[in-house]
S.K.: 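First the structure, then my questions, so here it is.
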Amino acid sequence: MATFAGGCFWGLELAYQRKPGVLQTCVGYTQGHVERPTYRQVCSGRTGHTEAVQLTYDTRQVTYPELVNLFFDRIDPTTLNRQGNDFGTQYRSGIYYHDDEQKRVAEEAKAEIRGAVTEILPATTFWPAEEYHQQYLEKGGQSAAKSCKDPIRCYG
């Protein structure tokens, strides 16, 4: 299992859906202090949660360092509480590790990026987002085919 937060969860989720070896993705909320938060509550900025993607993957097909590299390729790790036009603490970037090896890999990758502010913290409870958020961009017609290189377009 791996958990990443990098702004709006839709685009990051589609990037991971396309990655060979990723078996399943789920968007949701983590690192906050409210149980079972709703999208509206998270967007208020008062729950402490960040929008995140949690995924399962086949270690025979993709490595955790590859997943971390994809994450850093998709986001701007030097902006605090902001990705693109989305801003607020719920859009901060983070890697939430599930074991010591994930922590080591994440910290080493972050150290290679000058000015990176991405938080690296132990994974906490992950609350799945509402069903309409799951695989949102795929439902909207964008390809989730493995290895697809089409540009990812985020919209609300």
Side-chain angles (χ1 to χ4, degrees), residues 1-19 22 24-57 64-100 102-142 144 150-156:
M1 182 172 298
T3 308
F4 301 96
C8 175
F9 44 34
W10 296 336
L12 191 59
E13 179 186 39
L14 186 58
Y16 282 117
Q17 285 178 271
R18 292 176 174 181
K19 183 70 175 170
V22 172
Q24 186 175 19
T25 61
C26 180
V27 297
Y29 318 112
T30 192
Q31 303 303 121
H33 58 270
V34 173
E35 290 192 13
R36 294 175 188 79
T38 65
Y39 181 69
R40 181 170 292 199
Q41 288 174 312
V42 171
C43 286
S44 76
R46 293 190 296 261
T47 69
H49 290 88
T50 184
E51 290 191 17
V53 179
Q54 191 164 80
L55 55 97
T56 56
Y57 61 101
Y64 187 73
E66 288 175 293
L67 298 174
V68 170
N69 288 338
L70 174 59
F71 171 75
F72 280 125
D73 286 345
R74 288 281 317 157
I75 68 155
D76 179 351
T78 67
T79 57
L80 184 63
N81 299 328
R82 180 184 199 110
Q83 290 296 310
N85 293 326
D86 298 320
F87 59 93
T89 57
Q90 71 271 27
Y91 297 118
R92 68 190 181 274
S93 64
I95 300 175
Y96 307 111
Y97 56 87
H98 296 266
D99 59 39
D100 289 340
Q102 286 187 353
K103 178 182 180 182
R104 182 190 65 75
V105 168
E107 288 177 342
E108 287 178 3
K110 178 182 174 182
E112 296 293 318
I113 303 169
R114 183 182 168 127
V117 295
T118 300
E119 62 185 19
I120 299 173
L121 298 170
T124 60
T125 302
F126 180 88
W127 302 100
E130 297 81 352
E131 181 57 35
Y132 70 91
H133 286 296
Q134 306 301 326
Q135 294 79 47
Y136 184 85
L137 295 179
E138 179 185 16
K139 290 173 187 172
Q142 295 187 57
D150 294 348
I152 294 175
R153 300 172 319 278
C154 288
Y155 44 81

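The model shown is predicted, which means the values in this text are computed figures rather than measured ones. Residue numbers start at 1 and run along the sequence shown.
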S.K.: With sequence neighbours excluded, what pairs up with Gln54 under the side chain to side chain contact (heavy atoms under 4.5 Å, CB included) test?
M.R.: Met1, Thr3, His98, Phe126
S.K.: Using a 6.0 Å cut-off, check whether atom CG of Asp73 has over 12 heavy atoms from anything other than its own residue.
M.R.: yes
S.K.: Could you tell me which non-hydrogen atom of Gln135 sits nearest to which non-hydrogen atom of Thr25, and how far apart they are?
M.R.: NE2-O, 3.1 Å
S.K.: Does Gly94 offer a backbone N or O that forms a donor-acceptor pair with the side chain of Thr118 under 3.5 Å?
M.R.: no
S.K.: Apply ring pair (Phe, Tyr, Trp, His ring centres under 6.0 Å) to Phe71 and list each qualifying residue two or more places apart in sequence or on a separate chain.
M.R.: Phe4
S.K.: If we ignore hydrogens and angles and just use 3.5 Å, is the side chain of Lys19 paired with the main-chain N or O of Leu67 as donor and acceptor?
M.R.: no
S.K.: Residues two or more places apart in sequence or in another chain: which of them pass ring pair (Phe, Tyr, Trp, His ring centres under 6.0 Å) with Tyr96?
M.R.: none
S.K.: With Arg74, which residues qualify under salt bridge (Lys or Arg N to Asp or Glu O under 4.0 Å), at least two apart?
M.R.: none
S.K.: Could you tell me which residues satisfy side chain to side chain contact (heavy atoms under 4.5 Å, CB included) with Asn69, sequence neighbours excluded, listed by chain and number?
M.R.: none
S.K.: So, does Gln83 use its side chain to make a donor-acceptor pair with the main chain of Asp76 at under 3.5 Å?
M.R.: yes
S.K.: With sequence neighbours excluded, what pairs up with Arg153 under the salt bridge (Lys or Arg N to Asp or Glu O under 4.0 Å) test?
M.R.: none
S.K.: Among all residues two or more places apart in sequence or in another chain, which pass the side chain to side chain contact (heavy atoms under 4.5 Å, CB included) test with Asp100?
M.R.: none
S.K.: I'd like to check the ring pair (Phe, Tyr, Trp, His ring centres under 6.0 Å) partners of Tyr39; sequence neighbours left out, ordered by chain and number.
M.R.: His133
S.K.: Taking Gln134 for its side chain and Val27 for its backbone only, find out whether a donor-acceptor pair lies under 3.5 Å.
M.R.: yes
S.K.: Give a yes or no on whether the backbone of Asn81 and the side-chain of Thr89 come within a donor-acceptor separation of less than 3.5 Å.
M.R.: no
S.K.: In this structure, are over 12 heavy atoms from other groups packed under 6.0 Å from Lys103 atom NZ?
M.R.: no
S.K.: Do you know the tightest heavy-atom contact between Ile75 and Ser93?
M.R.: CD1-CB, 3.6 Å
S.K.: Please give me the minimum heavy-atom distance between Tyr29 and Ala129, naming the atom from each residue.
M.R.: OH-CB, 3.4 Å
S.K.: What pairs with Glu119 under salt bridge (Lys or Arg N to Asp or Glu O under 4.0 Å), at least two apart in sequence or on another chain?
M.R.: Arg92
S.K.: Among all residues two or more places apart in sequence or in another chain, which pass the salt bridge (Lys or Arg N to Asp or Glu O under 4.0 Å) test with Lys139?
M.R.: Glu131
S.K.: Quick test of your reading: applying salt bridge (Lys or Arg N to Asp or Glu O under 4.0 Å), list the pairs with at least one residue in residues 31-56, sequence neighbours left out, ordered by first then second residue.
M.R.: none
S.K.: I'd like to check the side chain to side chain contact (heavy atoms under 4.5 Å, CB included) partners of Gln24; sequence neighbours left out, ordered by chain and number.
M.R.: Thr56
